[in-house]
Amino acid sequence: MGNTKSGAVSKEILEDLKLNTKFSETEIVQWYENFKRQCPTGRISKDEFQNIYSKFFPESDPNTYAQHVFRSFDTNDDGTLDFKEYIIALHMTSTGKTNRKLEWAFSLFDVDKNGYITKSEVKEICTAIFKLIPKDELSKLPADENTADKRADKLWNYFDKGENDRVAEGEFIKGVLDNEEALRLIQYQPSK
């Protein structure tokens, strides 16, 4: 991680993040200082991440979704997020290009990390997304997507695949880019 003696972000990580994100050196240093204040160990555990995530969705159950998001961000599979993973995740989900965001979305849906998405993985993530939706908003959903299973079926149909087929990353990105409805279905945007 960073230079532990001075508490500053290492030059190697700083250069890597400048190269792979749109953040400036000043922004990265500020993010790092804030990260170290919030996470003195230099790592965020899955429980801490879920706790942070729950503050964004106080009227719903974000834990399952937060676990999937955490898994997709924990690129080295060590059960924690370090500063670099955190900043790249922040970049990809907030300021990154659409293709980068869709690459991340693919990794979210690729639950078993085998490089493909199956219909059961789509259902698993749609179920987690559904738990984010407050009960009063569920009744406002269209009839063909007012349950997690219906939403998953509708999304899966955009990929023109059979029940037991699988979708590769390129197919996923193309399918979502070619269809605004599919893009809407892979996420939850609070109405407020």
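Everything quoted here is computed from the prediction, not taken from an experiment.
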What's the separation between atom [atom1] in [X] and atom [atom2] in [Y], rounded to the nearest 0.5 Å?
X	Y	atom1	atom2	answer
T147	L141	OG1	CG	9.5 Å
R184	L155	CZ	CG	10.0 Å
E27	I87	CD	CD1	9.5 Å
N179	N157	CG	CG	11.0 Å
C39	E48	SG	CD	5.5 Å
N99	L177	CG	CG	5.5 Å

**Request:** Please lay out, stage by stage, how F23 and H91 fare under the test side-chain contact (heavy atoms from CB on, under 4.5 Å).
**Result:** CA-CA 8 Å; F23 300 130; H91 168 73; 3.8 Å; yes

So, do [X] and [Y] sit near enough that their side-chain heavy atoms are less than 4.5 Å apart?
X	Y	value
K123	D153	yes
I44	F35	yes
L183	L102	yes
E181	K154	yes
N34	Q30	no

Distance only, no hydrogens: is a donor on one side chain within 3.5 Å (strictly under) of an acceptor on the other, for [X] and [Y]?
X	Y	result
S24	T26	no
D47	S45	no
Y116	E171	no

Residues in side-chain hydrogen bond (donor to acceptor under 3.5 Å, both in side chains) contact with [X], at least two apart in sequence or another chain:
X	result
E169	none
D178	K174
E25	K18
T41	none

**Asked** By side-chain contact (heavy atoms from CB on, under 4.5 Å), which residues pair with E12, not counting sequence neighbours?
**Response** S10

Would you confirm whether [X], through its side chain, and [Y], through its main-chain N or O, come within 3.5 Å as a donor-acceptor pair?
X	Y	value
D110	I117	no
D165	G162	yes
R71	L108	yes
N63	Q67	no
R151	N146	no
D74	L81	no

**Asked** Only one of Y53, Y86, F49 forms a ring-ring contact (aromatic ring centres under 6.0 Å, His included) with F70, so which one is it?
**Response** F49

How far apart are the closest heavy atoms of [X] and [Y], and which atoms are they?
X	Y	result
L132	S60	O-OG, 2.9 Å
C126	A148	CB-O, 3.8 Å
S54	P62	CA-CG, 3.5 Å
S72	W104	OG-NE1, 2.7 Å
L14	I28	CD1-CG2, 3.5 Å

**Prompt:** Are more than 12 heavy atoms from other residues, nucleotides or ligands located less than 6.0 Å from atom CG of N164?
**Reply:** no

**Prompt:** More than 12 heavy atoms of other residues, nucleotides or ligands under 6.0 Å from NZ of K135: is that the case?
**Reply:** no

**Asked** Would I133 and F57 count as a side-chain contact (heavy atoms from CB on, under 4.5 Å) if you check the C-alpha gap in whole Å, the side-chain angles of each, and the deciding distance to 0.1 Å?
**Response** CA-CA 9 Å; I133 304 172; F57 298 95; over 6 Å; no

Taking NZ, NE, NH1 and NH2 as the nitrogens, is one of them in [X] or [Y] under 4.0 Å from a carboxylate oxygen of the other?
X	Y	answer
E33	K36	no
E121	K113	no
D144	K150	no

**Request:** Report the C-alpha separation of L90 and I88 in whole Å, then their side-chain angles, then the decisive distance to 0.1 Å, and conclude whether the side-chain contact (heavy atoms from CB on, under 4.5 Å) test is met.
**Result:** CA-CA 5 Å; L90 184 67; I88 289 178; over 6 Å; no

**Residues E124, H68; criterion side-chain contact (heavy atoms from CB on, under 4.5 Å); working and verdict** = CA-CA 10 Å; E124 185 172 338; H68 286 295; 3.0 Å; yes

**Request:** Sort out for me which residue in D77, N76, D78 forms a side-chain hydrogen bond (donor to acceptor under 3.5 Å, both in side chains) with T80.
**Result:** D78

**Request:** Step through it carefully: locate the ring centre of F83, locate the ring centre of W31, and say whether they are under 6.0 Å apart.
**Result:** no

**Asked** According to the ring-ring contact (aromatic ring centres under 6.0 Å, His included) rule, which pairs have a member within residues 149-175, sequence neighbours left out?
**Response** F106-F172, F109-F172, F159-F172

**Message:** Is there a side chain to side chain donor-acceptor pair (under 3.5 Å) between D16 and N20? Walk through the geometry before answering.
**Reply:** CA-CA 6 Å; D16 189 35; N20 292 299; 2.7 Å; yes

